[in-house]
Amino acid sequence: MALIRERLTHMLHQAVKDLLLESGIQNEEDLKVELEIPKISDHGDYATNTAMTLTKVLRRNPREIAQAVIDRMEGRDELLARVEIAGPGFVNFFVRPDAWGEVLKDIHEKADAYGVQNLGRGKRVQVEFVSANPTGPLHIGHGRGAAIGDVLANILRACGYQVDKEYYINDAGKQMQTLGRSLYLRYLEALGVPIDFPDDHYRGDYMKDLAREVLDREGDRYKDVPEEEALPFFTRYAGDRILDGIREDLEAFGVQHDIWFSEQSLHDAGEVQRTIEALERAGYIYEQDGAKWFRSTAFGDEKDRVVVRANGMTTYFAADLAYHKNKYERNYETVIDIWGADHHGYVPRMTAGVQALGRKASDLRIILVQLVNLLRGGKPVAMSTRAGEFVTLREVVDEVGKDAARFIFLTRRSDSPLDFDLEVAKMQSNDNPVYYVQYAHARLCSVFQVAREKGVACSWDVPPDLSPLHQPKELELMKLLGEYPQVVASAAEQLEPHRIPYYLSDLVSCFHSYYNQNRILGEDEALTQARLYLAAAVRMVLRNALGLLGVSAPEKM
RNA sequence: GCGCCCGUAGCUCAGCUGGAUAGAGCGUCGGACUUCGAAUCCGCAGGCCGCAGGUUCGAAUCCUGCCGGGCGUACCA
């Protein structure tokens, strides 16, 4: 049994199709119909503006079209109590109250898989996120990108895409040398050798910690080794250890990448060179002032970009081109990059790059994540990266918990800047939406606990009679539960994970309100069974949605 | 200068692929625990959707111009 929304959409779609055929029009584009939930309940459970959008094609007035559409909706009486034409030409649908129970049966039947669908049809998608340079610990801005990337990937998986989560390690180039040298100098310092620590080196305390670690493990064996000989060890050591730390911090944050991809491996395999050659053959490379330029202006970038400098070194951008070429060679149909918004200037050149490599611009989707302002009690926390004074992601997770941190990162559109207040994140109140949602789940678990203690049946081979559910709040809950798959689908299509937390807040708000004015476990056995069945469905959806967010669904709190 | 993002209630933000009377949380004020969890609920108040034009049956949403804030404008990584 299909869900209410799907059935109605289908019915409407057929009716519009018939109407267009009768009028001799066969235009697929005019056939898309959309159902919205009106803001005002007097306007029905669902409404469509399709009659208005059809006025231009059919050249008739919208209310007439609306009537014609309604007349062609077959089997509407089974599902609908009433259909109205309203305002300039809206069609408002009032679902039969007894039809909503189908939603609950559907949820019980699908259980964990409720919300899972097959929009993607197995299409391979890669989500690349975090990809912070392995030169220091992750900070809170990386956390936001991590949460968004991780959850977006989860959502796409739930929608039938075959998704890999990938981390690009910038382990090549001068910054790694600088990193190694920073460690080397701290090592000497720890041995009591006077050093001069340059400003452009990595000054954070974590480098001193690492230096002590090297000292413990290796003793003073590098003390008298010439710098050029010692550096490779220190570079590799620093890079590996910092990357380990990043991995651990992500793990503590609930994020696991499937693939860790090394930039150096592209250089080692000659892929950077090959990519430049491929672009040369395609005619997108020219030489000027001793450098090789990529003609990104051919695809709308504001200027061309250097890929090989006059000194013969390839640029970072060249490696990025090779990396993206490599992604498509690994057969990803769509590649999603999650970048800090401070990199937005790179979007046109990267988009140009994938097109020059023979892909559609839309094969690369870039999500820009705005910066995070870290606050404590409303006051900004100093965040100077160079001085190494930043608050790390790990510190934030340790202080406020992974659930609160993730939820807060996700409760905002990614292109909106985010104020992250450590005190608010720790508050166990409604200031903090994560507890509001988790509390509902714990509450429901508690109800089931009590039910079991009282010996009330609360698992069902066959659905109970749902006719006792007819209160407005009960119908509203069922309707909201029925919207969940649609919410997941739209989050996937629009690449907007924040839709899930907002949906959860709505659902939970409705539930809490209902809970406060009704008892689930009561004298009336039939009513109790029906309400428990509803409650179980709410709990199921909460679990599924929180699972997508990587936020726990506690039984007690 | 040019480019991108943002400007919605006192605060933090949804709504933006055009739809009917613009929403939520916080904060203020006032109510609800002998009951399955009060980390909850109920109610009151709060708006020229930055400003000005345009597009059309209809604009917070699309277009143009301004104002204000953030970011970016390398043969750096």
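Letters A, B, ... are given to chains in the order of the sequence lines, protein chains preceding strands, and every chain is numbered from 1. Reckoned from all heavy atoms, side chains included, excluding hydrogens, waters and symmetry mates. Keep in mind that what you see is a predicted model, and the values were worked out from it rather than measured.
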Practice prompt. Spell out yes or no: do the side chain of A:N92 and the base of B:A20 have one donor N/O and one acceptor N/O closer than 3.5 Å?
Written response: yes
Practice prompt. Hunt down the Watson-Crick or G-U wobble partner of B:G1, both distances under 3.5 Å, from any strand shown, or write none.
Written response: B:U73
Item to complete: Please state the C1' separation for the pair B:G25 and B:G15 - nearest whole angstrom.
Response: 15 Å
Discussion item. Quiz question: going by heavy-atom distance under 3.5 Å, is there a donor-acceptor pair between the base of B:A77 and the side chain of A:Y346?
Written reply: yes
Worksheet item: According to a strict under-4.0 Å criterion, is A:S513 in side-chain N/O contact with OP1 or OP2 of B:C42?
Response: yes
Discussion item. Using the C1' atom as the point on both nucleotides, what is the distance between B:G19 and B:A59, in whole Å?
Written reply: 9 Å
Practice prompt. Confirm from the modelled atom types if A:H344 and B:C71 form a donor-acceptor pair under 3.5 Å, side chain to base only.
Written response: yes
Worksheet item: Which word best sums up how the rings of A:F448 and A:W460 line up, parallel for under 30°, tilted for 30 to 60°, or perpendicular for over 60°?
Response: perpendicular
Practice prompt. Provide the distance between the two C1' atoms, one in B:G3 and one in B:C44, to the nearest whole Å.
Written response: 47 Å
Worksheet item: Under the 5.5 Å and 30° test, is A:Y436 stacked on the base of B:A39?
Response: no
Worksheet item: When you compare B:A60 with B:G50, how far apart are their C1' atoms, in angstrom units rounded to a whole number?
Response: 12 Å
Practice prompt. Please state whether the rings of A:Y502 and A:H498 are parallel, tilted or perpendicular, taking 30° and 60° as the class boundaries.
Written response: perpendicular
Fill in: Base paired to B:C33 (Watson-Crick or G-U; both N/O distances under 3.5 angstrom)
none
Fill in: Base paired to B:G7 (Watson-Crick or G-U; both N/O distances under 3.5 angstrom)
B:C67
Worksheet item: Where does B:C11 land, syn or anti, given syn is within 90° of 0?
Response: anti
Worksheet item: Where the side chain of A:R412 is defined as all heavy atoms beyond and including C-beta, which of B:A20, B:C41, B:A14 is the nearest nucleotide?
Response: B:A14
Item to complete: Establish, for the pair A:R82 and A:F93, whether the NZ or CZ atom is under 6.0 angstrom from the six-membered ring centre and no further than 45 degrees off its axis.
Response: no
Fill in: Counter-base of B:C44, judged by Watson-Crick or G-U geometry with both distances under 3.5 Å
none
Worksheet item: For atom P, what is the distance between B:A24 and B:G70, given to the nearest Å?
Response: 32 Å
Worksheet item: Can you find a pair of side-chain heavy atoms, one from A:L185 and one from A:P198, that are under 4.5 Å apart?
Response: yes
Worksheet item: Is there a Watson-Crick or G-U wobble partner for B:G58 with both distances under 3.5 Å, and if so, which one is it?
Response: none
Worksheet, complete the sentence: Per atom distances to the A:D289 side chain, the nearest of B:A38, B:C75, B:U21 is B:C75
Practice prompt. Provide the Watson-Crick or G-U wobble partner of B:G23, both distances under 3.5 Å; none if there is no partner.
Written response: B:C13
Discussion item. Is the base of B:A14 stacked against the aromatic ring of A:H498, taking ring centres under 5.5 Å apart and planes under 30° as the test?
Written reply: no
Item to complete: Kindly say whether A:P554 contributes a backbone atom to a donor-acceptor pair with the side chain of A:H441 at under 3.5 angstrom?
Response: yes
